Amino acid sequence: MRRDALTTFTDLGVFPPIAEALERVGITEAFPIQEMAIPVALTGSDLIGQARTGTGKTFAFGIPLLQRIVAPGDRDYGLANEPGKPQALVVTPTRELAVQVNGDITTASTVRKVRITTLYGGRAYEPQVNALTKGVDVVVGTPGRLLDLAAQGHLDLSHVKVLVLDEADEMLDLGFLPDVEKLIALTPELRQTMLFSATMPAAVIGLARRYMRHPVNIRAESPDETQTVPTTAQFVYRAHQLDKDEMVARLLQAESRGLAMIFSQTKRAAQRLADELKDRGFAVAAVHGDLGQGAREQALRAFRSGKVDVLVATDVAARGIDVEGVTHVVNLTCPEDEKTYLHRIGRTGRAGASGVAVTFVDWDDLTRWKLINDALDLPYPEPVETYSSSEHFFHDLGIPPGTKGTLPRSERTRAGLEAEQLEDLGETGKARGRQPRRRNGGRRRTRGGEPAAAGHGHSEPRFDDEARPRRQRSRRRTRGGKAVDDGGSAGHAPEADPTATS
DNA sequence: AAAAAAG
């Protein structure tokens, strides 16, 4: 359901302090999921919201959540809620996502005095406990720490009137379900429950009904429409293991590349690739669960600011993370399932921007890839056999042929790969120690220039100003101190929300 | 089997 006329938040029933707070950062226009969900959510109804990655789900629940609570400065303060007890709770599957969602909700709350806090693991208890002691209206957090603080008597969820499960299908998945159930049990039965995700399997909706009362289903797209984002061009290759580092390095030389995220199946492989790319002279950071929380957040901050323009990650960064300027996503190996694929490649092509998603599929994973391909109705049943020297690989990704053979290959790459492969074959009994760091090999980054070439007859990935989405962002954003010009024209940008997360 | 999430 699209309207031709621009819909403002005020049109949707959003009250002045929130509309004004959003206006202050240049957010004036509601996007489809917001347009559909906000009026329903404001009535207090339970709802299940589904919309593609990067199309504005966070504000779709964040805005009504703020409007439905009573803040200290509000005139009718104290009517319905005990001061200082959280009235709204948002649960996310990763700590970094909790931080991000906290930031977005805070953005919409700057005009009112709303106390919002983030509660998650890997950090000291003291500041979190102190915040709770002082009094909090909205809590965003991850399950483990929330339960922990509740068990210790610091967190009282008995006054929660709005509960949101962000990335709801993940939160209701086997790994999280027990904790999430415990959390829900700590909240009042009479509450509003909202579920949001880009992926919402029917089974999950069925399960969710146990925790909801007559939920309204809201989908920003028709059910038969593709779940992938049309402005992201997808490429699927069958690559050889020993060639992958080289392919990634070449891919990172694509013209007009912005930020790139590379997804790995394991923490160790992610760290190894990050080290390797660093050796090759790329500005890269790694984020995965083997790192301390400080290092994880530092990596993400460096990436957001553009201090590093390559982030190697495990699936810890697959969902919800919204970083402006990500033009390339690489899957080092075939993702687990279509949901993971969708969320990973959804880190690019956000809010109407163009993106490129490259997936490497090993021989062993061909069957699994076909399942993903079929589930999402993609046109890539047979991944293209490719080597780092293949002409069409360069052509597809817009890399000038002249760069061939210019990248140093570190010795550690081969050593690491061979050791890993032996391990896979079960031929090494003991854990492999970390390889010694080599000194920086060279600086080979090439950026900017001509638009990237098209591939597979899909939408043309281009990052020059002329290829930017027609629907211009109404918000000026800055990154690394300088303004980012979003430009505008061409393309078929469906919706655009600056601070969207999925 | 891996990753995430409490420590």
Side-chain angles (χ1 to χ4, degrees), chain A residues 89-102 118-129 132 139-155 157 165-184 186 197 199 204 261-274 286-297 299-300 311-321 331-344 346-347 362 364-365 367-368 371-372 420-421 423-426 431 501-502:
Chain A
L89 172 66
V90 181
V91 190
T92 69
T94 66
R95 298 162 180 176
E96 287 75 12
L97 185 55
V99 172
Q100 179 183 293
V101 168
N102 176 76
T118 319
L119 307 174
Y120 58 95
R123 290 288 192 195
Y125 284 83
E126 197 189 331
Q128 298 182 2
V129 172
L132 290 170
V139 163
V140 185
T142 49
R145 182 60 67 95
L146 289 169
L147 283 174
D148 195 352
L149 291 167
Q152 291 184 39
H154 299 298
L155 175 64
L157 295 175
L165 301 186
D166 196 10
E167 305 296 343
D169 56 322
E170 174 79 354
M171 301 315 297
L172 296 174
D173 199 49
L174 260 53
F176 279 112
L177 188 58
D179 280 354
V180 170
E181 274 184 326
K182 284 178 209 154
L183 270 177
I184 293 175
L186 296 176
S197 183
T199 49
V204 171
M261 286 182 79
I262 304 173
F263 283 99
S264 158
Q265 206 59 241
T266 65
K267 293 178 276 195
R268 218 173 50 180
Q271 189 59 54
R272 187 203 62 79
L273 182 68
V287 61
H288 55 73
D290 271 353
L291 297 171
Q293 190 55 30
R296 282 168 58 163
E297 287 174 41
L300 203 55
L311 186 68
V312 187
T314 57
D315 283 323
V316 71
R319 281 180 177 253
I321 297 303
N331 290 311
L332 277 181
T333 55
C334 181
E336 177 66 26
D337 53 28
E338 73 275 9
K339 293 197 298 294
T340 309
Y341 178 76
L342 218 54
H343 287 283
R344 282 182 177 184
R347 296 319 97 205
D362 298 334
D364 295 350
D365 290 332
T367 308
R368 194 153 44 138
L371 290 175
I372 294 175
E420 266 184 12
Q421 283 173 340
E423 232 167 71
D424 289 345
L425 294 169
T501 95
S502 62

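Order of the sequence lines fixes the chain letters, A, B, ..., with proteins taken first and strands second; residue numbering starts at 1 for each chain. Predicted, not measured: the structure shown is a model, and the values here were computed from it.
Applying the side chain to side chain contact (heavy atoms under 4.5 Å, CB included) rule to A/Gln152 yields the partners A/Tyr125, A/Asp148, A/His154; only residues at least two apart in sequence or on another chain are considered. Not a single side chain to side chain contact (heavy atoms under 4.5 Å, CB included) links A/Asp173 to another residue, sequence neighbours left out. For A/Ala168, the side chain to side chain contact (heavy atoms under 4.5 Å, CB included) partners two or more places apart in sequence, or in a different chain, are A/Leu165, A/Leu195, A/Met200. Under the side-chain hydrogen bond (donor to acceptor under 3.5 Å, both in side chains) criterion, A/Arg344 pairs with A/Asp315, A/Asn331, not counting sequence neighbours. When the side-chain hydrogen bond (donor to acceptor under 3.5 Å, both in side chains) test is applied to A/Thr118, the partners found at least two apart in sequence or on another chain are A/Asn102.
With a heavy-atom cut-off of 4.0 Å to chain A, the contacted part of DNA chain B has its first and last nucleotide at B/dA1 to B/dG7.
Between the side chain of A/Arg145 and the backbone N or O of A/Arg123 there is at least one donor-acceptor pair closer than 3.5 Å.
Heavy atoms of A/Glu170 sit nowhere under 4.0 angstrom from any nucleic acid atom. Within the 4.0 angstrom heavy-atom criterion, base atoms lie near A/Gly175. When heavy atoms are screened at a 4.0 angstrom cut-off, A/Arg296 is found touching the sugar-phosphate backbone but no base atom. Using a 4.0 Å heavy-atom cutoff across all strands shown, A/Phe263 reaches no nucleic acid atom at all.
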